[in-house]
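Below: the structure, in structure tokens.
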Amino acid sequence: MVIKSGENKAGKRLVKFTAIFLLLCLSSVNFASCAEKLKEEDNKLNYVNLDFFKRFNDELLIKYIILGVNNNCSLKGLRNKINALYQAKNMEVSHEFPTLSVGANYLGIKIPYVAIPDQGFRDNAFALPFMTTWEIDLFGKRKNKIEMKREDINASIYEEKGAIISLAGEIAGVYFNLANLEEQINIQNKILNNKKEKLRRVQKSFDNGISNRMELNKIKKEVNLEEIVLNNYKKQREAFVSNMAYLIGEAPGELYEVSNIQTIEYSGTVPDKISSDAVFCRPDILQKEANLNKAKIDIRLARKAFLPDINVFGVLMLSTLTPNFLWKGAVAYLVAGANEQILTGGRRIFNLKYKKQEYERLLNEYLDTDLKALKEVNDALYDLKRDEETYRNNLDNLNFEEDNFIRVSNSLNQGVKGVIDYLDKDSEFLYEKSKTLNSKVQKFADLISLYKALGGEL
């Protein structure tokens, strides 16, 4: 319907109708709730389950985990990704609104006098058109697209949660290895001093013709081997220090303060069995579920592609074709209708089949992730049980070696045993102590593996 300039009041009524129509369109659309937006200051530590790490009774460990979660650059990138997806969803929501545009145009026209006599039209004029378009979401297509964006956000949030849990576990693992290496270096220095003292005494015996060359060469070789072990410990410590700096978002620098590994103990209860339902709290499984939900919505959207699009288009144009830029010279029209594609070469059918295949692929990925989660929980639980037994056996052996060392020390004081026997027994005790600490850290590593396998719910 087109209304041209004239004295009738139909044009004014159409202008009012257009204005009311725009207001109704705006009132029919809901903006995204502000509470839905993920804010930058949201506490990411809620994902970590700090209660688990507090069972190790080490404040320094908690300190490094908090630093890593707050400063790690990779985690910041994931938070930026989530915020970007929120904006992408808001962009999709904005398509529910009608668009309104205005232009300023110059008109140079000639209207035959014989066609429209005595109307006072001008040959040169300016036009001010207001144009509005709106796609009516009668079949819920736009709603489905918004739901897909929400599932993208959910998947990204679960991705961030999984990364935070993994980071916390990795920081804890590096911390325990650093604490262990500090003590291992101390132990190794004591062993090396024992070997050097033994070498000094054997060298003296050799110089006096008491010991032979083979015995001297043997102890020299032992000293060299212990120095190699010490150098390897220092090299490993430097690698862990650099890794710790990277994880907590700092440049490599000085050594980090760690507690004595001998004083760190896990005070929590080690579970004997875990329900298989516990894996459904894992972020990677929840992320796969979000992807599945998105694929399901995508199939519905592919089906709705066979339905028509319903659009509204309206124009209100004011111009100086008539004198004084009057309402009687306005042109306005409003068009509403449905648009249906008749022939697309089978694209919509192929697209629907593609979406179904994509859904089946994601379903198989979800099932594979589920089975992998069960495997990881089972392996971590079994390793923890076996390594717990190993650690306790090593503790017993350490007590035996300590008792033997005390007896040899008493014998030395009584003049029954020599200094070399004392040094050898001290080294054996230190070897056993080193082995015990390694098994202790291995137990901690199994606890962290179980923590990550359960999605932080340990």
Side-chain angles (χ1 to χ4, degrees), residues 56-58 61 172-202 215 217-240 258-268 270 382-449:
F56 290 98
N57 305 299
D58 192 336
L61 171 63
V174 171
Y175 177 81
F176 291 138
N177 277 287
L178 271 176
N180 183 40
L181 282 169
E182 287 293 331
E183 187 60 27
Q184 293 290 349
I185 290 173
N186 291 334
I187 292 173
Q188 191 61 28
N189 279 321
K190 293 178 182 179
I191 294 174
L192 185 58
N193 289 334
N194 287 344
K195 296 295 182 180
K196 287 181 177 180
E197 177 62 22
K198 183 179 178 180
L199 174 60
R200 188 185 68 81
R201 291 178 177 273
V202 172
E215 186 176 356
N217 289 339
K218 179 182 176 182
I219 188 59
K220 285 183 177 180
K221 181 179 177 182
E222 289 178 0
V223 171
N224 289 336
L225 289 176
E226 299 302 340
E227 287 181 342
I228 291 172
V229 172
L230 180 61
N231 286 332
N232 286 335
Y233 283 153
K234 291 180 178 180
K235 184 175 71 173
Q236 291 175 30
R237 181 179 61 180
E238 185 62 28
F240 281 115
V258 292
S259 300
N260 192 325
I261 188 63
Q262 299 179 85
T263 64
I264 303 175
E265 293 291 346
Y266 182 72
S267 59
V270 178
Y382 181 82
D383 291 343
L384 178 59
K385 184 178 180 180
R386 297 279 79 84
D387 289 335
E388 171 76 13
E389 294 178 359
T390 300
Y391 174 56
R392 295 193 180 281
N393 289 333
N394 283 329
L395 280 176
D396 292 339
N397 292 336
L398 180 63
N399 291 330
F400 299 150
E401 285 296 335
E402 185 177 18
D403 182 68
N404 292 337
F405 174 67
I406 291 173
R407 293 179 182 277
V408 171
S409 299
N410 293 334
S411 298
L412 176 66
N413 294 332
Q414 296 172 3
V416 179
K417 294 286 186 180
V419 174
I420 291 181
D421 293 329
Y422 170 82
L423 294 173
D424 287 339
K425 186 54 65 176
D426 187 22
S427 296
E428 289 178 12
F429 170 65
L430 292 171
Y431 287 138
E432 197 62 45
K433 187 177 182 180
S434 173
K435 186 192 301 183
T436 303
L437 292 178
N438 285 333
S439 63
K440 182 180 187 177
V441 172
Q442 183 59 51
K443 171 192 170 183
F444 290 167
D446 295 335
L447 282 167
I448 294 171
S449 296

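Owing to the predicted nature of the structure, the values given are computational and were not obtained by experimental measurement.
A salt bridge is absent between Lys196 and Glu226: the closest approach of a Lys/Arg side-chain nitrogen to an acidic carboxylate oxygen does not fall below 4.0 angstrom.
The salt bridge (charged side-chain N to carboxylate O under 4.0 Å, His left out) contacts involving residues 390-402 comprise Glu388-Arg392, where partners must be two or more places apart or lie in separate chains.
Legend: residues meeting ring pair (Phe, Tyr, Trp, His ring centres under 6.0 Å) with Tyr175, ordered by chain and number and at least two apart, are Tyr64. When the salt bridge (Lys or Arg N to Asp or Glu O under 4.0 Å) test is applied to Glu238, no partner is found at least two apart in sequence or on another chain. Under the salt bridge (Lys or Arg N to Asp or Glu O under 4.0 Å) criterion, Lys417 pairs with no residue, sequence neighbours left out. Under the side chain to side chain donor-acceptor pair (under 3.5 Å) criterion, Glu389 pairs with Arg386, not counting sequence neighbours.
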Contacts table for residues 419-430: side-chain donor-acceptor under 3.5 angstrom, sequence neighbours left out:
residue	atom	partner	partner atom	Å
Asp424	OD1	Lys198	NZ	3.0
Asp424	OD2	Lys198	NZ	3.4
Lys425	NZ	Glu428	OE1	2.9
Asp426	OD2	Asn194	ND2	3.0
Ser427	OG	Asn194	ND2	3.4
Ser427	OG	Leu423	O	3.1

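Residues Phe240 and Val174 come closest through the heavy atom pair O-CG1, 3.5 Å. Closest heavy-atom contact between Ile264 and Phe56: CG2-O, 3.8 Å.
Side chain to side chain, Gln414 and Asn410 fail the donor-acceptor criterion of an N or O pair below 3.5 Å.
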For this session: Give the intermediate values and the outcome of salt bridge (charged side-chain N to carboxylate O under 4.0 Å, His left out) for residues Glu215 and Lys218.
Result: CA-CA 5 Å; Glu215 186 176 356; Lys218 179 182 176 182; over 6 Å; no
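No option in Glu183, Gln184, Gln188 other than Gln184 meets the side-chain hydrogen bond (donor to acceptor under 3.5 Å, both in side chains) test with Ser434.
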